[in-house]
Amino acid sequence: MIESFADLAPILPELILLAFIILVMLTDLYVDERRRGILHGISIVGLVLTGVACIRGFEAGQSTEILGGLMVRDSIGDLLKVFILMITAIVLTYAKHSLRTHKLFVGEFYLLVLFAVLGMFLLVSSTNFIMLYLGLELLALSGYALVALDRDSPIASEAAMKYFVVGAIASGLLLYGMSILYGISGSLQIDEIATAVAYGQSKAVLAFALTFVIVGLAFKFGAVPFHMWIPDVYHGAPTASTVFIATAPKIAAIGMAYRLLPGALPSLSADWTEILALLALLSLLLGNFAAIAQTNLKRMLAYSTISHVGFLFLALLGGTADGYAAATFYALTYALMTAGAFGVIIALSRQGFAADQIDDYKGLNQRHPWLAFIMLLLMASLAGIPPLVGFFSKLLVLQNAVLAGYLWLAVVAAVCAVIGAFYYLRVIKVMYFDAPTREIEYSAPGDLKFVLGLNGLAQIALGLGWGPLVALCLLAWR
Amino acid sequence: MVEQILFYVISTVLLASALGVISVKNSVHAALLLVLTFFTAAQLWILLRAEFLGIALILVYVGAVMVLFLFVVMMLDVNTEHLKQGFARYLPAGLLVAAVMAAQMIAVLGARNFGTDKFAGPAELPAGYSNTEELAQLLFTEYLIAVEVAALVLTVAVIAAVALTLRKRTGVRTQDIAAQIAVKRSDRVRLVKMPSEGSKVDS
């Protein structure tokens, strides 16, 4: 319950973000088309200020219930929020160029992205099923609209329709699982459900509710067999929307998994560990094998996402704090790598040329060696080649799987990573060893070039100095 | 006893009309059957002493949503033949999945786990107890933030609807009142000096 303004202080980040959303909305009404770039500036300032508010309240291991227990302000939520904001700021920089070249530069894009960020904020810090669900819907609804933003494109509309239908079914299943849990515990509070579930409940009913909750979760992550929407959405949506949907929500999904599984159902950890292991196995196998057959870079990245979700699930096995810290680190590095890969696609795309076929990258090294080098770093990092950061995040995740008693799964994952290296290395081979067949234009604006360069170099920098970041993740999950 | 009989009658109607919604050919009939489904569901809620929810269901869904739905169904002549393609092909797989799921759900959600011995029926409420008041109390105190967030979700829906449907057409002739008022005489009337033609005739 809110009794004074002091009660609102812990949700200061959300309030700042909301204020900036409204500011963007009102500014969009009054600026004309040529000066719409100002919306980009306002959004970035909003993200930065929200991040400052998150960091100011950060205190390792603290956890304060706020708003009468609907939400919690803890270091876990703060860390995930800061990561979400960082990724979103990078994504917006890439998206601006893509929106401009495809004549989609509208204020609604920024509004929808910021609303989605707000949804993710609620998702990672809810301790009540109603708030969690509302956060999820805020994120999902913005996502559907972002995919459909290019309304004259038939494949974008098709992707949005599939995304919407699948997402609505997933929300329904999740809600059904939640309603069963409410039925047997009589509460919507996550901690109260955890205590109610631990005592004298029929195992069958709990497993039943758990199944629905996990299915809803797996849909949002895009784990096999609930992955069908990912390739179509990545391929069909405007690249600016894809790069957002592919990155930040994965970080938020970790927060959601944490609140739902170890948060609400700790006594069932043996059951959900088994289910997650199975989902991880299927995602690793299907993701990596299907990616080999792709000729479209966006679709390849979509299947690569599915295989990375498999790795991410390895870190969630057992539900330990160290495992979730590894998952956070993995999700952040995955988001950085994937955002960078889409950033390269955006940097090379022009009006009427999407630059999304792998063949479009033939001989990129001879034309633009710097860009080819960045792509090399990103692809090698996605493949998990040391000393790039992708290797260390995979290492931490595999370590957690072994600790959770899933040695066989860790072995399968390592084999899958080797198989996966094939399709990432193919992109590098095409760039460096094939002769260019056409002129490749690279006329991206300066801020994109700068951020893209940083993004690529971060793969080495974080790969060599991954200690502080991992320590930060561990600190937050303590 | 009366309550039990009522429950079974209402539930039968509910299930029959819900089956009708997905099986009848005419989509207007399907929409009307959906109205009946909502109506009986509202009756069930009222049996459970949740009268506010029951009334809200009728007002919102039957009164507003379904009427809109009927208009849409009548205006858009949806070609159902096209939608029914592949029905026979997918039927066996669909039936199998449905049967397995139904069996599992019945096994779990039956009287063994959710019987009246585990969950007592609604308690007798004191006279003058108002469901509506209790709900309002919760919504505007404990769940105030949740209500606000629900408002944000609706805002997103509005923004998405505008972004996806608003089209600015060029070349549309509309009045711009401000421009009309701001017009000056010099914009419209041009005074031209010409030599008078009369003098020519004279000479």
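So that the names make sense, note that chain A is the first sequence line, chain B the second, and so on, each numbered from 1.
- Heavy atoms of other residues, nucleotides or ligands lying less than 6.0 angstrom from CD of B:Gln175 number 12 at most.
- If you take OH on B:Tyr143 and CG on A:Leu188, they are separated by 5.0 Å, rounding to the nearest 0.5 Å.
- Interface remark: A:Leu141 contributes backbone and side-chain atoms alike to the contact with chain B (heavy atom separation under 4.5 Å).
- The number of heavy atoms from other shown groups lying within 6.0 Å of OH (B:Tyr90) does not exceed 12.
- With a threshold of 4.5 angstrom between heavy atoms, A:Asp28 does not approach chain B through any atom at all.
- Ranked by heavy-atom pairs under 4.5 Å with chain B, the list A:Leu70, A:Ile130, A:Val106, A:Ile180 is led by A:Leu70.
- Within a 6.0 Å sphere centred on CZ of B:Phe39, other residues, nucleotides and ligands contribute 12 heavy atoms or fewer.
- Residue A:Leu146 does not touch chain B at all, counting heavy-atom pairs closer than 4.5 Å.
- Using a 4.5 Å heavy-atom cut-off against chain A, the contacting residues of residues 150-163 of chain B are B:Ala150, B:Leu152, B:Val153, B:Thr155, B:Val156, B:Ala157, B:Ile159, B:Ala160, B:Val162, B:Ala163.
- Heavy atoms of A:Leu118 lying under 4.5 Å from chain B belong exclusively to its side chain.
- In this structure, chain B has a heavy atom under 4.5 Å from the side chain of A:Leu111, while its backbone stays farther away.
- With a 6.0 Å radius and a threshold of 12 heavy atoms from other residues, nucleotides or ligands, A:Tyr182 has its OH atom at or below the threshold.
- Using a 4.5 Å cut-off between heavy atoms, A:Asp150 makes no contact with chain B at all.
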Would you list the atom pairs, donor with acceptor, under 3.5 Å between side chains in residues 154-168 of chain A and any protein atom, with sequence neighbours excluded?
residue: A:Ser157; atom: OG; partner: A:Ser153; partner atom: O; Å: 3.2
residue: A:Glu158; atom: OE2; partner: A:Lys162; partner atom: NZ; Å: 2.9
residue: A:Lys162; atom: NZ; partner: A:Asp232; partner atom: OD2; Å: 3.0

